[in-house]
Student: 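Let me give you the structure first, and then I'll get to my questions.
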Amino acid sequence: MTYEEAYLYMKEAGKRGSVYGTETVKELLLRLGNPQDRVPVVHIAGTNGKGSIFAFVGHILEDAGYVVGRYISPTIFTYLERFQINGHYMKESEFARIMETVIPVCEDMEEAGLPIPTAFELETAVAFLYFVQKKVDIVLLETGMGGKNDATNVVKQPLCTVLASISRDHMQFLGDTLQEILEQKMGILREQVPCVAYPMQDEMRQIWLKKCDKMQIEPIMADTDQLQVIAENLHGSRFCYKGQEYELGIPGIYQIYNSITAIEVCNCLKKQYDLKNVNIKNGLKETVWEGRFQKIKDVPLTYIDGAHNEGGWRSLRENIQAYFTGRPLIYICGVLADKEYEKMVDIMAPFASFIITVTPDNPRALDKEILADCYRSYGKPVDTAENVFAAQRQAETLAQELTEPVIVVFGSLSFIGPLIPRIK
């Protein structure tokens with residue numbers, strides 16, 4: 001089987017959409033020999049910051065000499081980005097080889113009258129088989145959506161579980177309130193398995209602590225009371241946490257919170273892995289996480305951010321207020337129709353000088369004209385562009401007439417990725 005044939009099969013599976021639940025993926029994995037039970041796993045759920053926290057954890061583990069598998073979604077650059085070992089993407093030949101094993105099992109399930117696995121269920125099985133075959137030391141496993149009914153929620157005994165920042169997203173599946181969403185995310189928790197959490201508001205923290213107590217789980221929350229920010233700017237930050245000083249090479253206050261959550265994960269992993277504080281310091285400093293408030297051009301100053309839900313938009317707004325106050329801002333924005341795009345506009349519009357909207361190349365995309373009309377309702381000058389490259393050219397033309405302009409590209413991971421290699 002060629003990579004093209006394997007990828008086509010996956011694309012066809014993608015047309016079946018999403019199925020919320022684990023019964024089908026468990027049957028698929030059972031027929032494949034339950035690879036999820038043959039690798040050590042750290043499992044993370046959350047609305048925002050999952051990738052950043054695991055980027056920090058992964059770099060720390062790599063600094064200590066470990067082979068680290070990561071299963072990521074969504075991706076920015078390429079399909080095979082979702083299957084990584086020490087930052088290297090799976091090869092096309094390896095994907096094709098593993099799919100040669102998986103596809104006949106799917107066909108057997110179909111012949112037996114069982115539900116056919118969705119694309120995400122197939123990808124999850126591919127990831128586990130890949131990491132087992134490569135004999136990785138640890139797998140950092142991200143949920144796709146939610147937790148309780150996510151296809152990744154099949155690991156019986158993870159080393160620990162992690163809850164990243166919780167905000168409103170996928171409400172049609174997870175619930176309308178933060179408490180309901182948290183309950184779904186906590187579905188990855190396991191009896192007597194430690195759980196590390198990003199700092200939570202008191203009401204959410206109490207729900208989490210009650211769940212941990214019921215399941216005899218050691219609760220470990222990143223402690224902002226023991227955090228002192230020494231310096232923080234567009235180039236990164238320095239801070240003290242629990243008496244130790246650390247540096248980050250990526251900007252954003254929220255990244256400091258993600259990093260102290262990663263520190264707590266690594267402290268938890270010290271029971272199984274030889275992780276020293278020098279590894280934590282080196283790993284944090286060396287971490288790069290592309291597509292998250294990332295500078296891709298100096299003139300005109302251009303940043304991209306994969307902010308695609310309320311929590312992400314609020315974090316992006318905080319960065320804009322912190323770093324670009326008083327400077328003209330040109331937005332390039334595209335979003336998916338199933339997101340709360342009116343709320344995004346409400347959060348982001350007040351700071352814009354000019355907005356260019358784009359329809360992302362995604363079947364779930366919101367039409368650029370609808371998004372443009374939302375921004376116009378705030379009295380902002382708005383135009384549309386055929387694609388992100390045309391929008392970038394238009395934005396740079398506008399920037400020539402402004403003093404110290406900043407171009408900010410955001411709204412959906414599905415359209416910012418191609419821009420990075422084009423203008424870096």
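Given the structure is predicted, the values throughout are model-derived calculations rather than measurements.
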Student: Is it the case that more than 12 heavy atoms not belonging to Asp361 sit under 6.0 Å from its CG atom?
Tutor: no
Student: Are side-chain N/O atoms of Asn153 and Arg190 paired as donor and acceptor at under 3.5 Å?
Tutor: yes
Student: To the nearest 0.5 angstrom, please state how far the CG atom of Asn258 sits from the CG atom of Leu284.
Tutor: 11.0 Å
Student: If every non-hydrogen atom of Tyr341 is compared with every non-hydrogen atom of Leu336, which pair is closest and at what distance?
Tutor: CD2-O, 4.5 Å
Student: Where is the tightest heavy-atom contact between Lys148 and Thr22, given as atom of each residue plus distance?
Tutor: O-CG2, 4.2 Å
Student: Tyr303 and ring pair (Phe, Tyr, Trp, His ring centres under 6.0 Å): which partner among Tyr323, Phe324, Phe410?
Tutor: Phe324
Student: Using a strict threshold of under 4.0 Å (side-chain N to carboxylate O), is an ion pair present between Asp274 and Lys276?
Tutor: yes
Student: Look at the rings of Tyr130 and Phe83 and say which category their plane angle falls in: under 30° parallel, 30 to 60° tilted, over 60° perpendicular.
Tutor: perpendicular
Student: Looking only at side chains, do Gln216 and Glu191 share a donor and an acceptor under 3.5 Å apart?
Tutor: no
Student: Would you tell me whether Glu94 and Tyr89 have side-chain atoms, one donor and one acceptor, within less than 3.5 Å of each other?
Tutor: no
Student: Report the residue from Glu245, Glu232, Glu247 that forms a salt bridge (Lys or Arg N to Asp or Glu O under 4.0 Å) with Arg238.
Tutor: Glu245
Student: On a heavy-atom basis, which atom in Val132 and which in Pro35 lie closest, and how many Å separate them?
Tutor: CG2-O, 3.4 Å
Student: List the atom of Arg292, the atom of Ser52, and the distance in Å for their closest heavy-atom pair.
Tutor: CG-OG, 4.4 Å
Student: For Glu386, does the CD atom have more than 12 heavy-atom neighbours from other residues, nucleotides or ligands under 6.0 Å away?
Tutor: no
Student: Go through the side-chain N and O atoms of Arg97 and Gln133 and say whether any donor and acceptor fall under 3.5 Å apart.
Tutor: yes
Student: If you count heavy atoms of other groups shown closer than 6.0 angstrom to NZ of Lys11, is the number above 12?
Tutor: no
Student: Would you tell me whether His43 and Thr143 have side-chain atoms, one donor and one acceptor, within less than 3.5 Å of each other?
Tutor: no
Student: Is it true that Lys271 and Glu218 have a side-chain N and a carboxylate O under 4.0 angstrom from each other?
Tutor: yes
Student: Without hydrogens or angle criteria, can the side chains of Gln244 and Asn277 be said to hold a donor-acceptor pair below 3.5 Å?
Tutor: yes
Student: Does this structure show an ion pair linking Glu142 with Arg82, if we count only N-O contacts that are shorter than 4.0 Å?
Tutor: no
